[in-house]
Amino acid sequence: MTTAAITATLDTAAIRADFPGLQTGDGAPWHYLDSGATAQKPQSVIDATVRAMGADYATVHRGVYARSADMTTAFEAARRRVASFIGGAEAEIVFTRGATEAINLVAHSWGNTHLRAGDRILISTLEHHSNIVPWQLLRDRVGVEIDVCPLTADGQIDLDAAERMLTPAHKLVALAHVSNVLGSVLDAPRAVALAHGVGAKILLDGCQAVPRLAVDVAALGCDFYAFSAHKLYGPTGIGALWARADILDGMAPWMGGGAMIDRVTFDRTTYAPAPQRFEAGTPQIIEAIGLAAAIDYVEAIGLPAIHAHEAALVRQLRDALRGMNDVRLFGPEDSAGIVSFALEGIHPHDLGTILDEANVAIRAGHHCAQPLMDHLGVPATARASFGLYSDDTDIAALIAGIERTKRIFG
């Protein structure tokens with residue numbers, strides 16, 4: 001299928017009209033190529049959160065009045081929506097502030113309980129800091145050791161190397177399902193099989209996967225899965241941790257307060273079952289409803305169509321950049337929705353600043369992946385990351401902006 005045929009499967013003109021953020025203050029098109037950092041929000045999500053914050057607003061789980069009961073119903077329906085979206089069960093979904101908090105929850109609750117000095121954790125070279133630092137903090141607390149799986153020449157996690165590295169001492173494997181810098185897609189079924197083959201649990205960071213790939217945690221067979229709403233066209237301030245029910249049942253609370261208790265006395269406290277045990281305090285009511293609305297929006301379009309659309313844009317952009325002899329491309333050819341590159345003699349920050357003058361927004365920096373930058377031998381990269389609303393006009397504007405930048409720098 002040609003690029004034109006694939007991109008034609010999405011009516012990007014109609015989709016872009018759903019996103020009020022895709023224009024400047026004076027109504028000009030804004031070529032937003034930073035969806036990997038945070039996605040723009042469709043009007044349906046904005047409307048859902050406004051209703052939840054306004055006419056429908058009340059607390060959940062506590063009030064005996066009708067509106068509180070209605071809001072509780074909507075909040076728990078959002079949990080069911082998230083569960084169905086990734087193929088889990090309702091009782092296996094813990095709402096968190098985002099993927100960062102979800103991974104930290106696993107490190108504190110599961111890690112503190114089940115890991116001991118001498119146990120090992122395997123991560124990879126391309127991980128986001130959120131999938132590195134929590135394990136280092138756990139190492140400092142309990143004495144676990146961290147091993148780092150290398151990458152293949154084209155920027156994939158090298159699972160052949162992982163197979164050689166894994167031993168029965170490894171109790172956890174924690175990997176990005178899709179790299180936030182390189183767009184590399186993990187062979188998740190194989191990674192799960194390798195981890196389980198030595199008796200280890202496996203956590204997948206799904207932040208960049210869920211906006212573009214159909215995820216079924218039951219089919220994958222993983223033990224933990226984390227993602228954030230704001231990269232999925234939903235609100236900031238909420239994400240989810242999915243974990244197998246038997247694992248959640250064996251995890252202690254990591255924060256104390258209201259809503260996560262069964263009975264409190266001054267002598268002792270007993271705790272609510274999962275997932276409430278991990279959701280201390282008033283939850284993200286508005287944000288959960290916005291997340292459910294975002295899932296509705298994405299599923300109405302269809303993840304296979306979104307993935308095909310973004311894959312076509314990746315090929316188009318990589319082909320255009322490959323035609324410039326002063327551009328270095330990073331990552332695999334079949335990266336998922338993300339293209340990272342460096343322009344010879346021009347720092348990515350300078351490129352990003354000049355592009356902004358032409359209403360083109362990219363990310364420039366280390367992308368919270370400094371060890372990966374060290375591996376690539378660069379201080380930073382320029383990153384264009386697509387969303388379901390991206391189209392060839394965004395690529396044309398980016399290429400024109402790069403050419404202008406090169407002229408400015410001589």
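Note that the structure is predicted; figures quoted are calculated from it, not measured.
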K.L.:
After noting the C-alpha distance and the side-chain angles of Ser390 and Tyr32, does the key distance pass the side chain to side chain donor-acceptor pair (under 3.5 Å) rule?
P.N.:
CA-CA 8 Å; Ser390 305; Tyr32 184 70; over 6 Å; no
K.L.:
Looking only at heavy atoms, which two atoms of Ile301 and Ala305 are closest? And how far apart?
P.N.:
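Residues Ile301 and Ala305, closest heavy atoms: O-CB, 4.0 Å.
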K.L.:
Can you see which heavy atom on Pro332 is nearest to which on Leu182, and at what distance?
P.N.:
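Smallest heavy-atom distance, with atoms named: CD-O, 3.7 Å.
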K.L.:
Would you give the length of the straight line joining atom CG of Leu22 to atom NZ of Lys41, rounded to the nearest 0.5 angstrom?
P.N.:
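Taking CG in Leu22 and NZ in Lys41, the distance rounds to 11.0 Å.
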K.L.:
Asp187 versus Gln156: any side-chain heavy-atom pair under 4.5 Å?
P.N.:
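Sidechains of Gln156 and Asp187: no contact.
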K.L.:
Within the distance-only criterion (no hydrogens, no angle test), does the side chain of Ser68 pair as donor or acceptor with the backbone N or O of Val64 below 3.5 angstrom?
P.N.:
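A pair under 3.5 Å: no.
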K.L.:
Any side-chain donor-acceptor pair under 3.5 Å between Ser184 and Ser179?
P.N.:
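No, no side-chain donor-acceptor contact under 3.5 Å.
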K.L.:
Using a strict cut-off of less than 4.0 Å between a Lys/Arg side-chain nitrogen and an Asp/Glu carboxylate oxygen, indicate whether Glu145 and Arg139 qualify as a salt bridge.
P.N.:
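No, this pair does not count.
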K.L.:
May I ask you to decide if the ring planes of His61 and Phe75 are parallel, tilted or perpendicular, using 30° and 60° as cut-offs?
P.N.:
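Ring orientation, 0 to 90° scale: perpendicular.
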K.L.:
Enumerate the residue pairs fulfilling ring pair (Phe, Tyr, Trp, His ring centres under 6.0 Å) with a member in residues 162-203, sequence neighbours excluded, ordered by first and then second residue.
P.N.:
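Non-adjacent pairs meeting ring pair (Phe, Tyr, Trp, His ring centres under 6.0 Å): His177-Tyr225.
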K.L.:
Does a donor on one side chain sit under 3.5 Å from an acceptor on the other, for Thr125 and His375?
P.N.:
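Thr125 vs His375: no donor-acceptor pair found between side chains.
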K.L.:
What residues form a salt bridge (Lys or Arg N to Asp or Glu O under 4.0 Å) with Arg190, not counting sequence neighbours?
P.N.:
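Checked Arg190 against salt bridge (Lys or Arg N to Asp or Glu O under 4.0 Å); matches are Asp160, Glu163.
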K.L.:
Could you grab the distance from atom CD1 of Ile46 to atom CZ of Arg51, nearest 0.5 Å is fine?
P.N.:
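Separation between the atoms: 12.0 Å.
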K.L.:
Please report the closest heavy-atom contact between Tyr233 and Gln40, naming both atoms and the distance.
P.N.:
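Closest pair (atom of Tyr233, atom of Gln40, distance): CD2-O, 3.3 Å.
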K.L.:
With side-chain contact (heavy atoms from CB on, under 4.5 Å) as the criterion, how do Val185 and Asp334 come out once you've worked through the C-alpha distance, each side chain's angles and the decisive distance to 0.1 Å?
P.N.:
CA-CA 8 Å; Val185 180; Asp334 60 350; over 6 Å; no
K.L.:
Report, as yes or no, whether the 6.0 Å neighbourhood of atom CD on Glu344 holds more than 12 heavy atoms from other residues, nucleotides or ligands.
P.N.:
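For Glu344, atom CD is not crowded (no more than 12 foreign heavy atoms under 6.0 Å).
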K.L.:
If you define the side chain from C-beta out and look only at heavy atoms, does anything of Arg263 sit under 4.5 Å from Arg268?
P.N.:
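Heavy-atom side-chain distance check fails, nothing below 4.5 Å.
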K.L.:
What heavy-atom pair brings Thr59 and Thr282 nearest, and what distance separates the two atoms?
P.N.:
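The answer is OG1-CG2, 4.5 Å.
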K.L.:
Nearest 0.5 Å please: distance from the SG atom of Cys149 over to the CG atom of Leu175.
P.N.:
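Between atom SG of Cys149 and atom CG of Leu175 there are 7.0 Å.
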K.L.:
Among Leu122, Val144, Val106, exactly one meets side-chain contact (heavy atoms from CB on, under 4.5 Å) together with Trp135. Which residue is that?
P.N.:
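By the side-chain contact (heavy atoms from CB on, under 4.5 Å) criterion, Trp135 pairs with just one of Leu122, Val144, Val106: Val106.
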K.L.:
Would you sort out whether Val178 and Leu186 count as a side-chain contact (heavy atoms from CB on, under 4.5 Å), showing the intermediate values?
P.N.:
CA-CA 6 Å; Val178 173; Leu186 176 71; over 6 Å; no
K.L.:
Between Asp205 and Cys207, is there a donor-acceptor pair closer than 3.5 Å when you use the side chain of the first and the backbone of the second?
P.N.:
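Flag set: sc Asp205 to bb Cys207 pair under 3.5 Å.
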K.L.:
To the closest 0.5 Å, what do you measure between CG (Leu313) and OG (Ser385)?
P.N.:
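The distance works out to 11.5 Å.
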K.L.:
Do Trp242 and Val82 come close enough that some side-chain heavy atom pair is under 4.5 Å?
P.N.:
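Side-chain contact under 4.5 Å: no.
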K.L.:
Which value, rounded to the nearest 0.5 Å, describes the distance between Leu138 atom CG and His108 atom NE2?
P.N.:
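Nearest 0.5 Å value for the CG-NE2 distance: 8.0 Å.
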K.L.:
Are Thr152 and Asp154 close enough that a side-chain donor and a side-chain acceptor fall under 3.5 Å?
P.N.:
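Looking only at side-chain atoms, Asp154 and Thr152 do form a donor-acceptor pair, the distance falling under 3.5 Å.
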K.L.:
I'd like to know whether His367 forms a ring pair (Phe, Tyr, Trp, His ring centres under 6.0 Å) with His129, so could you lay out the CA-CA distance, the side-chain angles of the two residues, the decisive distance to 0.1 Å, and finally the verdict.
P.N.:
CA-CA 9 Å; His367 317 294; His129 295 165; over 10 Å; no
K.L.:
If only side-chain N and O atoms count, and only distance matters, is there a donor-acceptor pair under 3.5 Å linking Gln23 with Trp30?
P.N.:
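No, Gln23 and Trp30 have no side-chain donor paired with an acceptor closer than 3.5 Å.
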K.L.:
Carefully, step by step, assess Val339 and Leu329 under the rule side-chain contact (heavy atoms from CB on, under 4.5 Å).
P.N.:
CA-CA 8 Å; Val339 178; Leu329 278 164; 3.8 Å; yes
K.L.:
Which heavy atom of Thr72 sits nearest a heavy atom of Val60, and at what distance?
P.N.:
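The answer is OG1-CA, 3.3 Å.
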K.L.:
So how far is it from Thr236 OG1 to Leu291 CG, rounded to the nearest 0.5 Å?
P.N.:
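One gets 12.0 Å once the value is rounded to the nearest 0.5 Å.
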K.L.:
Do Phe386 and Ile395 have side-chain heavy atoms sitting under 4.5 Å apart?
P.N.:
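Yes, at least one pair of side-chain atoms sits under 4.5 Å.
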K.L.:
Considering residues at least two apart in sequence or located in another chain, which fulfil the salt bridge (Lys or Arg N to Asp or Glu O under 4.0 Å) criterion with Glu279?
P.N.:
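Once residues adjacent in sequence are excluded, the partners of Glu279 under the salt bridge (Lys or Arg N to Asp or Glu O under 4.0 Å) criterion are Arg79.
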K.L.:
With sequence neighbours excluded, what pairs up with Glu299 under the salt bridge (Lys or Arg N to Asp or Glu O under 4.0 Å) test?
P.N.:
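Glu299: salt bridge (Lys or Arg N to Asp or Glu O under 4.0 Å) contacts with Arg81.
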K.L.:
Got a sec, which residues hit ring-ring contact (aromatic ring centres under 6.0 Å, His included) with Phe224, two or more places apart in sequence or on another chain?
P.N.:
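Trp110.
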K.L.:
Check whether any side-chain heavy atom of Met251 lies under 4.5 Å from a side-chain heavy atom of Leu105, and answer yes or no.
P.N.:
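Met251 vs Leu105: side chains touch.
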K.L.:
Can you find a pair of side-chain heavy atoms, one from Glu127 and one from Leu372, that are under 4.5 Å apart?
P.N.:
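Contact flag for Glu127/Leu372 side chains = no.
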K.L.:
Would Arg383 and Asp34 satisfy salt bridge (Lys or Arg N to Asp or Glu O under 4.0 Å), going step by step from the backbone distance to the final call?
P.N.:
CA-CA 8 Å; Arg383 183 188 71 183; Asp34 198 20; 3.2 Å; yes
K.L.:
With sequence neighbours excluded, what pairs up with Asp319 under the salt bridge (Lys or Arg N to Asp or Glu O under 4.0 Å) test?
P.N.:
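Result, salt bridge (Lys or Arg N to Asp or Glu O under 4.0 Å) vs Asp319: Arg322.
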K.L.:
Any chance you could lay out the side-chain contact (heavy atoms from CB on, under 4.5 Å) test for Ile285 and Met71, step after step, and finish with the verdict?
P.N.:
CA-CA 8 Å; Ile285 304 167; Met71 186 60 92; 3.5 Å; yes
K.L.:
Work out which heavy atom in Arg80 is nearest to a heavy atom in Thr73; give both atom names and the distance.
P.N.:
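Closest approach of Arg80 to Thr73: NH2-O, 4.4 Å.
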K.L.:
Is Arg16 salt-bridged to Asp394, going by a charged N under 4.0 Å from an acidic O?
P.N.:
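Here Arg16 pairs with Asp394 in a salt bridge, since their nearest N and O are under 4.0 Å apart.
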K.L.:
Any non-hydrogen side-chain atom of Leu351 less than 4.5 Å from a side-chain atom of Phe341?
P.N.:
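Of all side-chain heavy-atom pairs linking Phe341 with Leu351, at least one is under 4.5 Å.
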K.L.:
How about Val217 and Leu204: do any of their side-chain heavy atoms sit closer than 4.5 Å?
P.N.:
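Side-chain contact under 4.5 Å: no.
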